[in-house]
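The first residue of the sequence shown is numbered 1, and numbering continues consecutively from there.
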Amino acid sequence: MQKLLVAAVAVVALVLGAAVPALAIQTQSWEERRIATEAFDAAAESALDASTDAATAAQLLAEAREAAEPVLEDARAVAASAPGYFAPAVLDPLVAAVAALDEALAAEAPDGAAMPATERPQSVEELRASVDPLLEWADAEGERSAAVAALAAELAEATEGSSAALLALAETVGAEASTALGAAPLATPESRSAVEAARDALLAAIEDDESLAETAAAYASAVAALRASQQAAADAAAEASRQSSGSPRGSVVLAPLPEGWFCGAIGYISSECQALLNR
């Protein structure tokens, strides 16, 4: 019995001696997998966060472009119709703002690479090999997101600048109309009324926050017609004055005297004198 007990203890000792190293190896493998899994999960989370930031920046840029396009169209149209009808002090800033907005709107966002897979691999080796590509992509995408967000901010600033320059020009229409009317005293009443109506329409468009392209072009056309009317009236007055100065009222026109008039006059005077002496 004692021999059997000793044999059993020996067997247990042998089993434990073989199991402990195997258990230690298995424990080490589990630890390595845990560490690799945590590193991969952190890298995948960084990549997903960078992807979310990139999508947000792209959305901001899309919204900025959507807001900029109608402003650019309106400001460009007004800048094209304004020369000669608005002062350079307000027209030049508008032209510069239009150029800046056009450039900002044409800027292209940088392209990004495809995001590496964020699904957790099975093997420890694949987990470890996937960490660096994910982290590198997250860093690059973060830089790209910052660049896209900067483009959106620049575009929004350029849009605001164009809107302000456009409004500053349009708000001078009252003074510009007064100057145009004062310089055209001979223009027809219809042309003067047209300028006043176009001025009021442009001011109403400003008040209602509407597009200014059509009303500004209509105002420019009305002022052009006013100036044409003034020029036509001035030309007609000048022609009438020229014609009247050619034959002035009350002038005396001397006809040419016949040949031998002097001798005849002397003979007439002599005969008259002789008749007086004979009396």
Side-chain angles (χ1 to χ4, degrees), residues 60-108 150-239 241:
L60 290 175
L61 181 58
E63 292 174 354
R65 282 177 171 165
E66 184 177 359
E69 288 172 353
V71 172
L72 177 60
E73 182 180 358
D74 205 28
R76 181 181 286 157
V78 172
S81 63
Y85 305 101
F86 289 90
V90 291
L91 178 57
D92 292 346
L94 176 61
V95 172
V98 167
L101 180 55
D102 196 14
E103 181 179 355
L105 193 56
E108 295 290 340
L151 285 178
E154 292 172 2
L155 183 54
E157 183 178 357
T159 301
E160 184 178 353
S162 290
S163 295
L166 178 59
L167 184 61
L169 179 141
E171 287 178 340
T172 65
V173 69
E176 293 289 348
S178 296
T179 300
L181 291 169
L186 302 179
T188 62
E190 292 79 9
S191 64
R192 299 177 67 85
S193 296
V195 170
E196 293 171 349
R199 173 202 62 199
D200 294 344
L202 184 52
L203 292 173
I206 296 171
E207 184 69 22
D208 297 337
D209 197 22
E210 297 176 349
S211 171
L212 304 181
E214 292 185 4
T215 49
Y219 169 76
S221 297
V223 173
L226 176 76
R227 292 173 179 172
S229 176
Q230 166 68 19
Q231 187 61 49
D235 291 344
E239 178 63 19
S241 176

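Residues R192 and A187 approach most closely at CD-O, 3.9 Å, considering heavy atoms. The two residues E69 and L105 have their closest heavy-atom pair at CG-CD2, 3.8 Å. Nearest heavy atoms, A194 versus A222: O-CB, 3.8 Å. Closest approach of T188 and S229 over heavy atoms only: N-OG, 2.8 Å. Across A213 and A77, no two heavy atoms sit closer than the pair CB-CB, 3.6 Å. Residues A165 and A97 share a closest heavy-atom pair of CB-CB, 4.1 Å.
Applying the salt bridge (Lys or Arg N to Asp or Glu O under 4.0 Å) rule to D200 yields no partners; only residues at least two apart in sequence or on another chain are considered.
A 4.5 Å side-chain heavy-atom check between V90 and E171 finds every atom pair outside the cut-off. Using a 4.5 Å heavy-atom threshold, the side chains of E210 and T215 count as separate. When side chains are defined from C-beta on, L155 counts as touching L101, because their heavy atoms get closer than 4.5 Å. Within the 4.5 Å cutoff, the side chain of L226 has no heavy atoms near those of the Q230 side chain. Taking the side chain as every heavy atom from C-beta outward, L60 and E63 approach each other to under 4.5 Å. Side-chain contact check for L91 versus P83: some heavy-atom pair is nearer than 4.5 Å.
The CG atom of L166 sits 4.5 Å away from atom CG of L212, with the distance rounded to the nearest 0.5 Å. The OG atom of S81 sits 13.5 Å away from atom CZ of R76, with the distance rounded to the nearest 0.5 Å.
No donor-acceptor pair closer than 3.5 Å links the side chain of S241 to the backbone N or O of A237.
Dense packing is recorded around CG of D208, with more than 12 heavy atoms of other residues, nucleotides or ligands lying under 6.0 Å away. At most 12 non-hydrogen atoms from other residues, nucleotides or ligands lie less than 6.0 angstrom from CD of E207. Counting non-hydrogen atoms of other residues, nucleotides and ligands closer than 6.0 Å to CD of E196 gives a total above 12.
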